[in-house]
Enquirer: 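Can you read through this structure? Questions will come right after.
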Amino acid sequence: MSALLLQTARKSRSLWASSFTRLYAAAAVPEATTSSSVGTGKVDGKVLHPSTLNPNLLKAQYAVRGELYNKAVEMAAAGKEIIYTNVGNPQQLGEKPITFNRQVQALVSCPSLMDDPKAVELFPEDVVTRAKQCLSQLSGALGAYTDSRGSMGIRQEVAEFIERRDGVPANADNIFLTDGASVAVRYLLNAAIRDENDAILVPIPQYPLYSASIQLYGGTLLPYYLKEEKGWGMDAESIRQSIHEARANGTNVRAIVFINPGNPTGQCMTASDLEDIVKLAYDEGLVLLADEVYQPNVYQTEKPFISAKKTLAGMGAPYNTEVELASFHTVSKGVMGECGLRGGYVELVNMHEGTIDQLYKAASINLSPNTTGQLSMSLMTNPPKPGDASYPLWKKEMDEGLASLTRRAHVVTDAFNALEGVSCTFVEGAMYAFPKLELTENAVAAAKAAGKTPDTFYCLSLLEDTGIVTVPGAGFGQEEGTFHMRTTILPQEKEIEKFVKLFADHHKKFLAKYG
């Protein structure tokens with residue numbers, strides 16, 4: 001590799017580390033005011049003093065629930081109206097749950113309702129039938145433990161969902177139900193990271209689950225930068241160069257994460273990009289960690305969602321038989337938006353049986369994934385079918401929900417692009433816009449004086465002026481010298497025009513003050 005490429009790769013890792021250091025400098029643990037007591041390990045009379053905690057816990061940061069969110073909580077407690085667009089939490093912003101799902105959940109939660117003669121008047125027949133089926137899958141009671149991988153019956157429903165989606169068989173024994181997809185991601189990262197010499201390739205901008213978890217498990221995050229000028233596309237060759245340089249320096253690059261549709265960037269990956277990342281994983285001996293939780297959230301037809309598993313299958317041997325893949329999905333996104341019910345899954349493809357056994361052991365430490373989340377996963381992967389009494393309403397709610405999200409994606413993108421000094425790629429999928437902010441020298445200087453990154457400074461100003469909670473781009477990682485913020489597109493349609501007007505009015509005031 002040329003000296004220039006080596007220098008560039010080293011600089012990118014340094015910039016990644018320094019950006020997080022600047023963003024979270026205010027969160028540093030203060031030094032203890034008294035020395036440790038000999039023999040007890042206490043500091044200031046406490047065994048678990050912040051200065052004595054696991055260093056990896058102290059270093060881990062999660063920007064989505066960071067400084068901006070904490071400030072918003074304080075403001076809400078003081079009576080300020082807050083609009084929480086810092087996290088993809090649809091029902092918090094007024095999204096209505098799917099009727100069929102809630103009806104089945106009600107009966108499963110309170111089975112005695114099914115014995116009431118009026119049940120057939122209150123609930124469609126297929127709801128009662130499905131509730132009985134779900135109860136049988138959950139050992140007859142929502143409050144009972146299941147297998148540590150989740151109910152076998154529900155895992156089989158997930159396998160059938162995957163088969164319908166991809167046209168490729170799926171094995172329920174290789175599917176783990178989890179408390180949201182985040183738990184499944186952490187299972188895989190914990191298994192892959194042995195020490196600080198083990199690195200995980202993560203796209204920048206990234207979802208902070210990855211940086212925080214890699215830090216907690218004592219590994220190394222190896223960034224690869226998405227290209228904003230190419231619609232946040234990836235550059236397989238530059239990733240390959242980063243891998244080679246890292247390995248030449250003694251780092252074990254073990255896996256590569258990709259998020260499709262993208263979070264925070266909102267792009268959908270092309271078939272070509274997916275094939276490139278599969279080839280890269282095969283050539284370089286990497287595990288593919290496919291974050292596909294936003295697969296129902298696609299707002300255009302040019303780049304439909306294509307799963308990593310379908311890509312593997314379409315490429316044939318040796319890719320479909322040798323590339324190790326973990327793909328993640330959840331009930332938290334899509335039109336359902338059941339974030340608080342914590343349902344997720346991971347499917348393991350081409351994994352060694354002994355590795356699956358070890359992951360099963362790790363899951364067993366928690367005894368059982370929560371059953372409400374498992375029930376929600378059942379309802380997501382095995383919804384009403386044509387001819388069922390509940391199908392027309394279910395279909396109407398799902399179609400209208402996706403159409404509304406599509407309109408909101410356009411409104412938010414157009415609103416940002418209409419602002420002076422703001423540019424935003426179209427929100428092709430997921431739930432977020434990630435606009436680029438061209439901040440003035442005066443604004444940058446004011447941010448520095450306040451001890452903030454410029455985009456954090458901007459987002460704090462926005463919060464204080466409008467009550468809108470966003471996340472600064474520094475929390476996701478970004479190219480040095482660029483500034484962004486992430487906001488959801490989730491305010492309801494009746495509120496979305498007010499929402500974008502608040503943004504526009506604040507932006508004009510900010511420019512007038514720091515122009």
Side-chain angles (χ1 to χ4, degrees), residues 12-27 61-72 84-88 202-212 221 223-234 257 259 261-267 412-413 415-417 419-427 430-441 443-444 446-448 450-463 466 468-489 503 506-507 510-511 514:
S12 69
R13 287 207 298 275
S14 174
L15 293 177
W16 166 254
S18 64
S19 68
F20 263 71
T21 299
R22 291 194 302 274
L23 178 61
Y24 294 111
Q61 302 293 341
Y62 186 69
V64 175
R65 288 285 175 90
E67 179 182 3
L68 271 293
Y69 174 77
N70 294 334
K71 175 71 172 177
Y84 290 96
T85 66
N86 59 306
V87 63
V202 177
I204 303 301
Q206 55 106 28
Y207 179 46
L209 164 68
Y210 294 98
S211 55
L221 184 150
Y224 68 91
Y225 285 83
L226 302 178
K227 306 300 181 183
E228 185 170 12
E229 68 276 11
K230 296 182 179 179
W232 298 111
M234 57 172 281
V257 173
I259 307 173
N263 176 12
T265 49
Q267 89 288 1
V412 173
T413 303
F416 280 131
N417 284 325
L419 298 179
E420 180 183 351
V422 179
S423 59
C424 185
T425 58
F426 174 61
V427 180
M431 293 179 170
Y432 313 101
F434 196 62
K436 183 178 180 180
L437 308 171
E438 299 290 347
L439 299 180
T440 64
E441 292 182 3
V444 172
K448 184 177 180 180
K452 309 292 183 185
T453 65
D455 41 13
T456 300
F457 185 73
Y458 182 92
C459 292
L460 280 169
S461 173
L462 175 69
L463 171 62
T466 67
I468 296 173
V469 194
T470 56
V471 187
F476 302 96
Q478 55 195 344
E479 291 280 2
E480 183 74 4
T482 66
F483 310 113
H484 300 78
M485 67 177 175
R486 189 192 78 168
T487 178
T488 71
I489 61 167
F503 260 115
H506 167 264
H507 188 70
F510 189 89
L511 289 182
Y514 297 106

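These values consider heavy atoms only, across backbone and side chains, with no hydrogens, waters or symmetry-generated copies. Positions are given from 1, in the same order as the sequence printed here.
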Enquirer: Report the residues that fulfil side-chain contact (heavy atoms from CB on, under 4.5 Å) with K230, sequence neighbours left out, ordered by chain and then residue number.
Expert: K227
Enquirer: Restricting to side-chain hydrogen bond (donor to acceptor under 3.5 Å, both in side chains), what partner residues turn up for T466, sequence neighbours left out?
Expert: none
Enquirer: List in chain and number order the residues that pass side-chain contact (heavy atoms from CB on, under 4.5 Å) with N417, two or more places apart in sequence or in another chain; answer none if no residue qualifies.
Expert: T413, S423, C424
Enquirer: Restricting to non-hydrogen atoms, name the atom on V471 and the atom on C459 that form the minimum distance, rounded to 0.1 Å.
Expert: C-SG, 4.2 Å
Enquirer: Which residues pass the ring-ring contact (aromatic ring centres under 6.0 Å, His included) test with Y84, sequence neighbours left out?
Expert: none
Enquirer: What heavy-atom pair brings L463 and A72 nearest, and what distance separates the two atoms?
Expert: CD2-N, 3.9 Å
Enquirer: Return the minimal non-hydrogen interatomic distance between Q206 and G475, and the atom names on each side.
Expert: NE2-O, 4.1 Å
Enquirer: Which atom names give the shortest non-hydrogen contact between M431 and G88, and what distance separates them?
Expert: SD-CA, 4.2 Å
Enquirer: Sequence neighbours excluded, which residues qualify as side-chain contact (heavy atoms from CB on, under 4.5 Å) partners of T482?
Expert: K436, Q478, E479, H484
Enquirer: Nearest 0.5 Å please: distance from the CG atom of L437 over to the CZ atom of F510.
Expert: 8.5 Å
Enquirer: Considering residues at least two apart in sequence or located in another chain, which fulfil the ring-ring contact (aromatic ring centres under 6.0 Å, His included) criterion with H507?
Expert: Y458
Enquirer: Taking all atoms of both residues into account, what is the closest heavy-atom pair of N86 and Y69, and its distance?
Expert: ND2-CD1, 3.6 Å
Enquirer: The criterion is ring-ring contact (aromatic ring centres under 6.0 Å, His included); which residues satisfy it with Y224, sequence neighbours excluded?
Expert: none
Enquirer: How would you list, by chain and number, every residue that makes a side-chain hydrogen bond (donor to acceptor under 3.5 Å, both in side chains) with T487, sequence neighbours excluded?
Expert: T85
Enquirer: More than 12 foreign heavy atoms under 6.0 Å from CD of E420: is that the case here?
Expert: no
Enquirer: Heavy-atom distance under 4.5 Å between the side chains of V422 and E438, does that happen here?
Expert: no
Enquirer: Decide yes or no for T425 and W232: does some side-chain heavy atom of the first lie under 4.5 Å from some side-chain heavy atom of the second?
Expert: yes
Enquirer: Check the pair T440, V444 against side chain to side chain contact (heavy atoms under 4.5 Å, CB included), reporting the backbone distance first and the verdict last.
Expert: CA-CA 6 Å; T440 64; V444 172; over 6 Å; no
Enquirer: Take T265 and E228, measure what side chain to side chain contact (heavy atoms under 4.5 Å, CB included) needs, and give me the verdict at the end.
Expert: CA-CA 9 Å; T265 49; E228 185 170 12; over 6 Å; no
Enquirer: Answer yes or no: is there a side-chain heavy-atom contact under 4.5 Å between F457 and Y514?
Expert: yes
Enquirer: Less than 3.5 Å apart, any donor N or O on the side chain of N263 or R486 sitting next to an acceptor on the other?
Expert: yes
Enquirer: For a side chain to side chain contact (heavy atoms under 4.5 Å, CB included) check, start with the C-alpha distance between F434 and Q267, then their side-chain angles and the critical distance, and finish with the verdict.
Expert: CA-CA 10 Å; F434 196 62; Q267 89 288 1; over 6 Å; no
Enquirer: Take F503 and L462, measure what side chain to side chain contact (heavy atoms under 4.5 Å, CB included) needs, and give me the verdict at the end.
Expert: CA-CA 8 Å; F503 260 115; L462 175 69; 3.2 Å; yes
Enquirer: Who pairs with Y210 by ring-ring contact (aromatic ring centres under 6.0 Å, His included), at least two apart in sequence or on another chain?
Expert: none
Enquirer: Could you pull out the closest heavy-atom pair between D455 and A474, with the gap in Å?
Expert: OD2-N, 3.1 Å
Enquirer: Are the side chains of P203 and M234 in contact, using a 4.5 Å heavy-atom criterion?
Expert: no
Enquirer: Could you check if a side-chain atom of P472 sits within less than 4.5 angstrom of a side-chain atom of L68, using non-hydrogen atoms only?
Expert: yes
Enquirer: Does any part of the side chain of L221, heavy atoms only, come nearer than 4.5 Å to the side chain of P223, both counted from C-beta?
Expert: yes
